[in-house]
J.: 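Take a look at the following structure, please.
For the numbers below, each heavy atom of this structure counts, side chains included, while hydrogens, waters and symmetry mates do not. Every chain is numbered from 1 and lettered A, B, ... according to where its sequence line falls, protein lines coming before strand lines. Predicted model only: the values in this text are computed from it and were never measured.
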Amino acid sequence: MTCPRPCCEGSGPMASERYNPRDTEPRWQAWWAENRCFEAREEAGKPKYYVLEMFPYPSGRIHMGHVRNYTMGDVIARFRRAAGYNVLHPMGWDAFGMPAENAAIERGIHPASWTYDNIATMRGQLKSMGLSLDWSREVATCDPSYYQHEQAMFIDFMNAGLVERKVSQVNWDPVDHTVLANEQVIDGRGWRSGAVVEKRELAQWFLKITAFSDDLLSALDGLDKWPEKVRLMQKNWIGRSEGMRFTFAVEDAHGKTLDDGLTVFTTRHETIFGASFCAISADHPLSKHLAQHDEDLQAFRKEVAALGTSEENIEKAEKKGYPLGLYARHPFRKDVKLPIYAANFVLMGYGEGAVFGCPAHDQRDLDFARKYHLPVIPVVAPKGTDPKTFTIGDEAYVEKDGEDTVLINSGFLDGLSVPEAKEKVAHRFEVEGIGTRKVNHRLRDWGVSRQRYWGCPIPVVHCDTCGVVPVKKEDLPVKLPEDVKFDKPGNPLDHHPTWKHTSCPACGKPARRETDTFDTFIDSSWYFARFCSPQAGMPVVAEAARYWMPVDQYIGGVEHAILHLLYSRFFVRAMHKTGHIHLDEPFASLFTQGMVIHETFRTEAGDWVLPADAVHKEGQWFHATTGEPLLVGGVEKMSKSKKNVVDPETIIAAYGADTARWFMLSDTPPERDIEWTESGVEGAWRFTQRLWRLVNDVAELGKGAASGAGDGLELRRAAHRAIAAITDDLMNLRFNRAIARIFELANALGTAMAVKDKSVALTEAIREAADFLVLAFAPMMPHLAEEAWQLLGHRTAVVNSAWPKADPALVARDDVTIAVQVNGKRRDELTVAKGLTQAELEPLVLALDGVKRALDGKSVAKIIVVPDRIVNIVCKG
RNA sequence: GCGGGCGUGGCGGAACGGUAGACGCAACGGACUUAAAAUCCGUUUUCCGCAAGGAAGUGAGGGUUCGAGUCCCUCCGCCCGCACCA
């Protein structure tokens with residue numbers, strides 16, 4: 001036998017060396033590229049598989065989150081490819097956005113050169129990961145050859161009535177000097193800057209996402225390969241509620257009826273007899289109107305505006321109202337007048353910005369009623385309750401699901417159930433012509449105007465004569481000017497001396513270009529479709545999209561559960577409506593991976609310290625250069641601010657991409673947060689070396705003697721079972737389990753290799769198992785796999801090799817180990833031929849020592865047999 | 001407040017309602033080495049026992065079942081999303 005140890009003489013030249021990824025990885029990357037292994041072509045008749053990871057923002061360098069995301073995508077792509085699919089696996093750059101402009105402002109670098117430099121760096125880093133990407137399809141959203149199609153589609157959307165320009169109250173980010181969409185405001189702060197968002201009135205472009213509210217909602221049911229969590233978040237975000245919109249007659253303090261009534265929205269119209277006041281938003285037109293002649297009301301409106309909408313404020317805020325001196329007449333109790341208040345808890349942005357208050361059954365209304373001494377009339381009570389004794393204390397009565405309740409104190413509704421009363425009152429409103437059934441959504445239209453330079457110009461022109469006119473399609477793209485200055489706050493496009501001056505596409509007179517640019521979420525709302533035909537002179541070539549779309553597997557962070565994923569679902573619907581694509585749902589299957597987390601270190605002074613600067617000595621952490629002791633903090637998401645980052649480039653340089661990839665997939669399920677640890681990476685590194693030694697040993701194996709030991713059957717079974725399990729795991733994205741199976745296969749192969757004097761059969765089984773092993777880990781460690789594959793004597797490349805097929809005969813078991821329980825506790829086990837019947841098993845089981853001991857003379861009441869799995873003997877006494 | 005998820009060894013985590021802890025990390029013991037690293041062999045849920053074997057055990061308590069980490073109810077803790085949405 002040849003000794004595999006590096007120290008031994010006489011072994012082959014390869015075998016005496018450690019596996020060196022620094023040599024092999026660039027070599028195989030170059031080979032794959034030269035042979036265009038990953039360039040996708042449409043092939044009729046071959047099943048296609050479109051794998052896509054959310055494309056990166058070119059911030060400068062890749063981070064571990066990218067490594068995890070792209071490794072998962074690559075494993076899927078390589079596995080599907082081997083399994084016979086025609087795989088599309090493209091990559092691009094979400095290249096517009098604020099950081100490029102910040103670099104321009106802070107360092108005087110042009111956003112374009114900053115962006116393209118970053119792309120070059122990051123492209124190189126991604127290539128060093130050995131990803132099976134089709135680089136011929138690369139796109140950058142900041143390239144006019146990309147955004148011109150976005151502009152063309154926007155014009156089509158305008159013509160299709162999916163675009164609106166309106167003055168509205170918008171979220172203004174005072175740090176980024178731009179407008180934010182509702183989805184981009186988190187806890188009252190800008191999603192990027194973290195600044196408290198202000199309200200401003202501005203003329204803005206909107207995409208009418210609300211035109212698809214119900215469709216976006218109901219189609220979620222069909223997205224059965226999306227995480228339930230994401231579907232639920234979108235459902236809540238769209239926030240559909242069914243109710244009624246109806247109008248109260250309004251009179252003033254002198255009993256004079258006003259021309260206009262007060263229209264409210266409610267989902268609890270059955271509680272109308274419990275109404276004791278009405279409340280309107282401080283921003284309601286009626287409130288604004290009255291404030292013109294009422295200084296106290298003006299003050300109240302200011303107070304409400306100052307409060308904002310952040311979480312803390314809402315929790316603390318007391319329900320407050322300002323009586324307007326107006327009264328709403330109850331529609332069914334003509335003697336009752338409901339005072340109307342402007343109130344701080346009514347939002348202008350939802351429903352009608354006006355409600356009726358039913359204090360008995362709504363906590364906010366109750367708080368309000370108690371403060372202003374308004375009546376509290378219970379109108380819904382548990383069935384059987386005496387209406388005379390049912391009272392409300394400090395808590396509103398809200399019936400729970402499934403509770404049996406009836407209407408009380410409600411005139412013609414008395415005795416009805418809530419659904420019956422809803423129906424009856426709705427009918428009555430409709431008959432009397434004062435109200436209609438109405439579905440409301442929480443979802444607002446998507447404000448897409450941004451007052452920034454580094455984005456896609458909105459292709460319209462403002463003409464004093466013609467108004468807003470879209471740019472002619474033949475004049476697209478509207479390109480960004482290159483000579484811009486960032487010397488003052490605000491939008492450089494607006495400050496540019498000439499760019500905005502143009503002529504009207506309709507009348508030819510001098511006119512102004514729109515200087516707002518698109519929200520960058522538009523750029524990422526269709527890039528997946530562009531990848532089907534990335535160089536086409538139209539947004540999407542129909543045949544290409546028909547072949548490749550939808551994306552079969554989309555992978556990214558859960559932070560995009562609403563923003564990007566909802567916008568994309570809308571945008572594709574708009575593209576469908578305007579004839580650019582044939583489908584509505586872009587992503588058939590979605591996977592949201594967890595974050596990469598790491599321990600945090602800080603000095604006693606409180607400064608964060610990079611993990612690379614922390615050294616562990618005798619159970620204590622110290623700073624590598626200053627030597628001062630370090631405090632170990634929590635394990636948190638890798639972030640620059642806490643410095644708990646590990647640079648992928650350093651890791652790849654030290655261990656190679658395969659090791660980094662292997663670590664990312666091991667142990668932790670892909671949807672959970674993974675903790676990056678030095679010992680884990682070391683472990684992955686050692687395993688690459690172990691595989692390399694194992695393959696070397698197999699490669700050097702001579703022909704076994706016919707008389708040698710071992711029939712190889714056990715190993716063959718292990719290998720085929722491993723392949724069957726790994727195939728199943730990879731199909732279902734259970735990478736950590738697949739990796740455990742690969743460890744087991746390597747262990748089984750190692751055990752077989754330790755047999756002295758191997759028979760021919762065992763030797764052949766070893767060769768087969770080694771091939772299987774290499775093919776099985778190839779999606780995770782593609783470079784090592786290619787190198788090992790050559791060493792095993794194959795002339796093909798792994799990328800061009802088929803996924804191994806498990807032989808069902810070897811996967812199936814002919815004998816089984818059955819656990820034997822007595823009263824549910826395991827007492828013994830029994831290995832028998834598969835498929836024994838209860839009658840055959842019973843005597844065998846009762847004869848077992850462990851069973852006899854446990855029974856100890858007790859009488860057997862019953863024997864439960866689950867074929868080939870378990871026997872449970874139930875006894876008494 | 002509403003909605004959702006999760007709780008298993010020292011750690012990451014396995015486990016169609018059917019032998020809890022696969023696989024990995026770490027630790028410990030041993031072999032090899034002048035030594036270290038690497039490598040190889042072994043041990044590692046807890047408790048009792050020399051062992052054979054036994055007892056307990058999946059956040060807590062109850063239930064369904066021949067059998068529960070898994071299903072149901074109540075509670076505790078942690079995480080995430082939304083949040084004055086009428």
J.: Which part of the nucleic acid does V874(A) contact within heavy-atom distance under 4.0 Å: base, sugar-phosphate only, or nothing?
T.: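 Sugar-phosphate, no base atom in range.
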J.: Look at the side chain of N236(A) against the base of C82(B) and say whether a donor-acceptor pair falls under 3.5 Å; ignore hydrogens and angles.
T.: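 Looking at the base of C82(B), it does not pair with any donor or acceptor on the side chain of N236(A) (distance under 3.5 Å).
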J.: Counting side-chain heavy atoms from C-beta on, which of C84(B), G18(B), C85(B) comes nearest to I870(A)?
T.: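 The nucleotide sitting nearest to the side chain is G18(B).
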J.: Report yes if at least one side-chain N or O of R364(A) is closer than 4.0 Å to OP1 or OP2 of C85(B); otherwise report no.
T.: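 So the side chain of R364(A) is within the cut-off, an N or O lying under 4.0 Å from OP1 or OP2 of C85(B).
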J.: Measuring from the side chain of L232(A) (C-beta onward, heavy atoms only), which nucleotide among G3(B), C82(B), A86(B) has the closest atom?
T.: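 Nucleotide nearest to L232(A)'s side chain: G3(B).
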J.: C85(B) P sits how many Å from N440(A) CG, rounded?
T.: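 Those two atoms, CG and P, are 13 Å apart.
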J.: Check every strand shown and say whether V346(A) touches a base, only sugar-phosphate, or nothing at a heavy-atom separation below 4.0 Å.
T.: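 The residue V346(A) makes base contact.
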J.: Tabulate atom names and distances for all N/O pairs under 3.5 angstrom spanning the protein and nucleotides 23-30 of chain B.
T.:
{"residue": "G24(B)", "atom": "OP1", "partner": "N747(A)", "partner atom": "ND2", "Å": "3.4"}
{"residue": "C25(B)", "atom": "O2'", "partner": "S679(A)", "partner atom": "OG", "Å": "3.4"}
{"residue": "A26(B)", "atom": "OP2", "partner": "R686(A)", "partner atom": "NH2", "Å": "3.3"}

J.: Any donor-acceptor pair under 3.5 Å joining the side chain of K229(A) to the base of C80(B)?
T.: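 Absent.
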J.: Would you say the ring centroid of W662(A) lies under 6.0 angstrom from that of F743(A)?
T.: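 Distance test on ring centres: under 6.0 Å, yes.
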J.: Using a heavy-atom cut-off of 4.0 Å across all strands, would you classify K235(A) as base, sugar-phosphate, or nothing?
T.: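 Nothing, no heavy atom under 4.0 Å.
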J.: With a 6.0 Å cut-off on the ring centroids, do Y341(A) and Y372(A) count as close?
T.: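 Yes - the distance between ring centres of Y341(A) and Y372(A) falls below the 6.0 Å cut-off.
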